[in-house]
Every structure is written in structure tokens, then in C-alpha cells.
Amino acid sequence: MILAIESSCDETSVAVIEKSNVLSNIISSQYFHSKYGGVVPELASRAHLNTIYSLTHEALEVAKVDINSIDAIAVTNKPGLAGSLIVGTSFAKGLSLSRGLPIIPVNHIEGHLFSGCLQDSSLEFPFVSMVVSGGHTSIFLVNSFDEYHTVGSTKDDAAGEAFDKIAKLMGLPYPGGPLIDKNAKLGNPFRYDFPRPMIHDPNYDFSFSGLKTSVRYFIHKNFPNGISENEIYDLSASVQQAIIDVLVRKLINAAKHYQVKSIVIAGGVSANSQLRKELKAEADKHKMSMIAPAMNYCVDNAAMIGFIGELKYLSNKNHYDNLKFTVNSTAIRA
Ligand code: KG4
Ligand code: ZN
């Protein structure tokens, strides 16, 4: 049985995993960052410190297991905010020392990459997986749990970052992604024509900072006195459509190029309802299966860390008695 801990950004999460089954997955989101328009790293670290102990109790209680039944601890050690990662890893190391438990450092991106497996164990290799979050937008060719390659990534802003920064330009609070998703349901996605950066480039890379700049100029020019509610709906729908068009096109192109039958999306932006809908339609058209994690596995969560942590632990139990590992805020690969 694995106790998993995730604290890489602004969600503190603790989960209990047994044989790839999620016995509990408690997530505490730090909504207070919205008043600052983005995550404040030091406040995030302090909030993790405040909640991590009680969340661990809650995760064990919901899973109906005693700490003595835990065989190993999995913890996110990269990438993410350094201070936030240090809270989770230090807590995990303390627990490991006091209980004599092995400890498995896990890459957060690997957690997202395989989060589709948490609800769909039939997922077959190879597949292409797109991790779209506030910090990352990358496409991976995944051959096995140990072997995966980045085939494309963003050259500047991540898709979630684009959603959040554009939402801020529209006067919406952080994180703006879910609000744009909600507003877009009431708007016309073809009202405004925003750029679809790099959509026709023969690669699987992305760039979203130009789109953000284009929306900034557009708002300054057209709405100098503020944006009405109906215009917010149309703007949200049009911006969302521009981002989704690029994400869907690149992922489908990658799947065709690498001749895989399954596509997977993961990360916070994979919660976007229109993205899920359009990707499913395109996958059906190309006779591919599309796997999107359940909503509580899209956002940062410890279940995905426990899932991959358990696989690592079972493949080499003797490897995880070392407390010397540190955190790395920028690493993409294991
Ligand atoms: O994976 P995640 O929880 O944290 C990071 O590792 O970044 O992703 C958070 C990101 C934020 O940028 C947020 O705005 C975006 O995911 N997001 C969404 C939606 N839900 C979350 N973006 C668009 N539509 C959504 N429904
Ligand atoms: Zn994430």
C-alpha cells in the first residue's frame, strides 16, 4: 500500500493507492491565490505546510487504513515551485524516517502522463499523450511506463498559462481557465478571429504568447471602457476555440505520424469541456480511442503520483531506501 504526497504547485494532495486502485485521493486547492492574480510561491509553501499533516490523516481515514499498513511513500520531487516541493518532500522524508518506510521520488509530469490509466486500465502502449497544464504543454510518445519521449512542447507560455493570462486581461479572477470554459458555453466561438499560432507548422510544438498579445491589443482597441457580459461570453468562446484548435490539430497529427491507436490528454486544461468534446470527435473520425482523466485526476492530485510510485516501487523495491534526493523545479524528464 502506497501513501502518495503531491505539493508541486497550489494543490496539496494525499492519496492511498493499492494495486493501482485509488483508496483515497484528498485534494486541497489554495483558492486564496486568486486575489493576487496568480500563485504566490511563498504563500503556497506556507499553505502546504498548514494542511499536509491533516490531509495525510484524512487520506488514511477515508482509505480506512492505518499508517502501519503503508508499505512505501511516493512523493513529487520535480518539477514545480521549489518551496512547495520542499514542503511535500520534507514531510515525506520525516514520515519515512520515523516509520522506516521506503520513499519513492516521482516526477509530476510522469504522474499526469499516466493519469488516464487510473480509470482505464485497458490503455495500450504505444500512445501519444498531451500534458496541458498551467506550467506545461507537451506531447509525448509513450512506449511503456519507463520509455517515453517528448515529441513537441511549447516554446513560450503553456496553454493553461494562456487561459489564465487572457482571463486576467478580461478582468476574470485566477485561475481563469475554468471560468473561460464556463463563459464560453454561452458565447459564439466564431465571433472573433484570433490567431492559431504554429497550427500549420510541420512539428508538434506550440506557442501561445502571441495569442495573448493579440487579445491584449484587441481588448485595448475595442473595449476601452470595459467589456460587457455578452462580449465576455463571445471573447471567452473565441479565445478558447483558438487554443483548442491548435491543441487538437497537433495531437491528432502526432498520433497519425506515430501511427498509434490511442490518444490521451492530462493536466489541468484537460478538464476543459470543449477540448474533451472536440478531441473525442476527432479521435472517433480517425478511429482512435481518446482517454481523458476523470475530473479529479485532471487537476494536480496525489493519486497519479501514487499510481506511478507503486509501479516504480514494485519494479525495484531495494532502490528506495535513500533519503538523499532533492527537488528540481524545472526537470521535465525523470
Ligand atoms: O495541472 P494543473 O492543476 O496545475 C499545473 O500543474 O499547472 O493545471 C492548472 C491549469 C490552470 O492554468 C487552469 O486555468 C487550467 O489548468 N484549467 C483549465 C480548466 N480547468 C483548469 N483550463 C481550461 N479549461 C478548464 N476547464
Ligand atoms: Zn500539474
Side-chain angles (χ1 to χ4, degrees), residues 4-13 25 27-31 33-34 37-39 41 44 48 76-81 84-85 88 106-116 118 129-138 140 153-154 157-170 172-185 187 189 206 208 211-212 236-237 239-248 264-279 292-305 307-308 329-332:
I5 295 168
E6 155 66 36
S7 70
S8 64
C9 190
D10 56 347
E11 261 93 26
T12 323
S13 179
N25 182 36
I27 304 171
S28 164
S29 296
Q30 302 173 2
Y31 294 111
H33 292 292
S34 68
V39 178
H48 287 305
T76 307
N77 76 319
K78 62 185 148 189
L81 298 171
S84 290
L85 289 166
V106 175
N107 182 318
H108 180 81
I109 301 297
E110 268 185 42
H112 276 306
L113 205 53
F114 299 109
S115 57
L118 280 166
S129 180
M130 182 167 69
V131 178
V132 256
S133 69
H136 301 277
T137 301
S138 297
F140 299 87
S153 56
T154 182
D157 292 353
E161 198 179 351
F163 269 112
D164 295 341
K165 287 180 174 171
I166 291 172
K168 193 172 173 183
L169 293 173
M170 288 159 52
L172 301 172
Y174 175 89
L179 295 171
I180 291 195
D181 187 353
K182 193 169 155 216
N183 288 331
K185 290 189 169 57
F206 304 89
F208 291 108
L211 171 63
K212 175 191 66 197
S236 296
V239 163
Q240 176 175 277
Q241 195 61 48
I243 297 174
I244 288 178
D245 280 355
V246 182
L247 296 176
V248 170
V264 176
I265 49 168
V269 179
S270 69
N272 185 275
S273 52
Q274 192 63 18
L275 173 63
R276 293 166 87 100
K277 204 159 113 189
E278 293 197 14
L279 210 46
M295 289 301 177
N296 53 339
Y297 301 142
C298 289
V299 292
D300 289 348
N301 67 89
M304 67 182 191
I305 303 303
F307 175 82
I308 204 75
S329 50
T330 54
I332 299 283

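Remember, it's 1-based here, ligands and their atoms both numbered in the order they're listed.
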**Request:** Spell out the protein N/O/S atoms under 2.8 Å from the Zn ion (ligand 2) as residue plus atom name.
**Result:** His108 NE2, His112 NE2, Asp300 OD1
**Item:** Ligand-side contact atoms (ligand 1) for residue partner Gly135, heavy atom cut-off under 4.0 Å
**Value:** 7 (O)
**Prompt:** Relative to each other, are the rings of His112 and His108 parallel, tilted or perpendicular (30° and 60° limits)?
**Reply:** perpendicular
**Asked** Listed by chain and number, what are the side-chain hydrogen bond (donor to acceptor under 3.5 Å, both in side chains) partners of Thr76, not counting sequence neighbours?
**Response** Glu6
**Asked** Without hydrogens or angle criteria, can the side chains of Ser7 and His48 be said to hold a donor-acceptor pair below 3.5 Å?
**Response** no
**Item:** ligand 1 contacted by Lys182 (non-hydrogen, < 4.0 Å)
**Value:** no
**Request:** Below 4.0 angstrom from a heavy atom of Ser133, which ligand 1 atoms are there? Numbered from 1 as shown, please.
**Result:** 1 (O), 5 (C), 6 (O), 7 (O), 8 (O)
**Prompt:** For the residue pair Leu85 and Pro79, what are the closest heavy atoms and their distance?
**Reply:** CD1-C, 3.9 Å
**Prompt:** For Cys9, is the nearest heavy atom under 4.0 Å from an atom of ligand 1?
**Reply:** no
**Message:** Please give me the minimum heavy-atom distance between Leu113 and Val264, naming the atom from each residue.
**Reply:** O-CG1, 4.3 Å
**Message:** Holding to side-chain contact (heavy atoms from CB on, under 4.5 Å), I want the full list of residues that pass it with Ser133, two or more places apart in sequence or in another chain.
**Reply:** His136
**Prompt:** For ligand 1, is there an N or O atom under 3.5 Å from any N or O atom of Glu161?
**Reply:** no
**Asked** Does any donor atom in the side chain of Asn301 or Glu11 lie under 3.5 Å from an acceptor atom in the other side chain?
**Response** no
**Message:** At less than 4.0 angstrom from any non-hydrogen atom of Gly160, what atoms of ligand 1 do you find?
**Reply:** 12 (O)
**Asked** Taking the non-hydrogen atoms of His108, is any one of them nearer than 4.0 angstrom to ligand 1?
**Response** yes
**Request:** For residues Asn183 and Ser236, report the shortest heavy-atom separation together with the two atoms involved.
**Result:** CB-OG, 3.3 Å
**Under 4.0 Å to a heavy atom of Pro175 - the qualifying atoms of ligand 1, by number** = 14 (O)
**Item:** Which of the ligand 1 atoms, numbered from 1, are nearer than 4.0 Å to a heavy atom of Gly268
**Value:** 1 (O), 2 (P), 8 (O), 16 (O), 17 (N), 18 (C), 19 (C), 20 (N), 21 (C)
**Request:** Select one of side chain, backbone, both or neither to describe which atoms of Asp164 lie under 4.0 Å from any atom of ligand 1, heavy atoms only.
**Result:** side chain
**Item:** Residue portion contacting ligand 1 (non-hydrogen atoms closer than 4.0 Å) for His112
**Value:** side chain
**Prompt:** Near Gly177, which atoms of ligand 1 are under 4.0 Å from a heavy atom of that residue?
**Reply:** 14 (O), 18 (C), 19 (C), 22 (N), 23 (C), 24 (N), 25 (C)
**Request:** Please list, chain by chain and in numerical order, all residues satisfying side-chain hydrogen bond (donor to acceptor under 3.5 Å, both in side chains) with Gln241, sequence neighbours excluded.
**Result:** Asp245, Glu278
**Request:** For ligand 1, indicate whether the residue Asp300 contacts it via side chain, backbone, both or neither (heavy-atom separation under 4.0 Å).
**Result:** both
**Message:** So for ligand 1, is Val299 a polar contact partner (N or O within less than 3.5 Å, distance only)?
**Reply:** no
**Asked** Looking just at side-chain N and O atoms, do Ser273 and Lys185 make a donor-acceptor pair shorter than 3.5 Å?
**Response** yes
**Item:** ligand 1 N/O within reach of Ser273 N/O, cut-off under 3.5 Å
**Value:** no
**Prompt:** At their closest point, which heavy atom of Ala158 faces which heavy atom of Phe208, and how far apart are they?
**Reply:** C-CD1, 4.1 Å
**Message:** Show the atoms of ligand 1 that are less than 4.0 angstrom away from any heavy atom in Ala271.
**Reply:** 20 (N), 26 (N)
**Asked** Of the non-hydrogen atoms in Asn25 and Ser13, which two are nearest, and what is the gap between them?
**Response** OD1-OG, 3.6 Å
**Asked** Which of the numbered atoms in ligand 1 are below 4.0 angstrom from a heavy atom of Val269?
**Response** 15 (C), 16 (O), 18 (C), 22 (N)
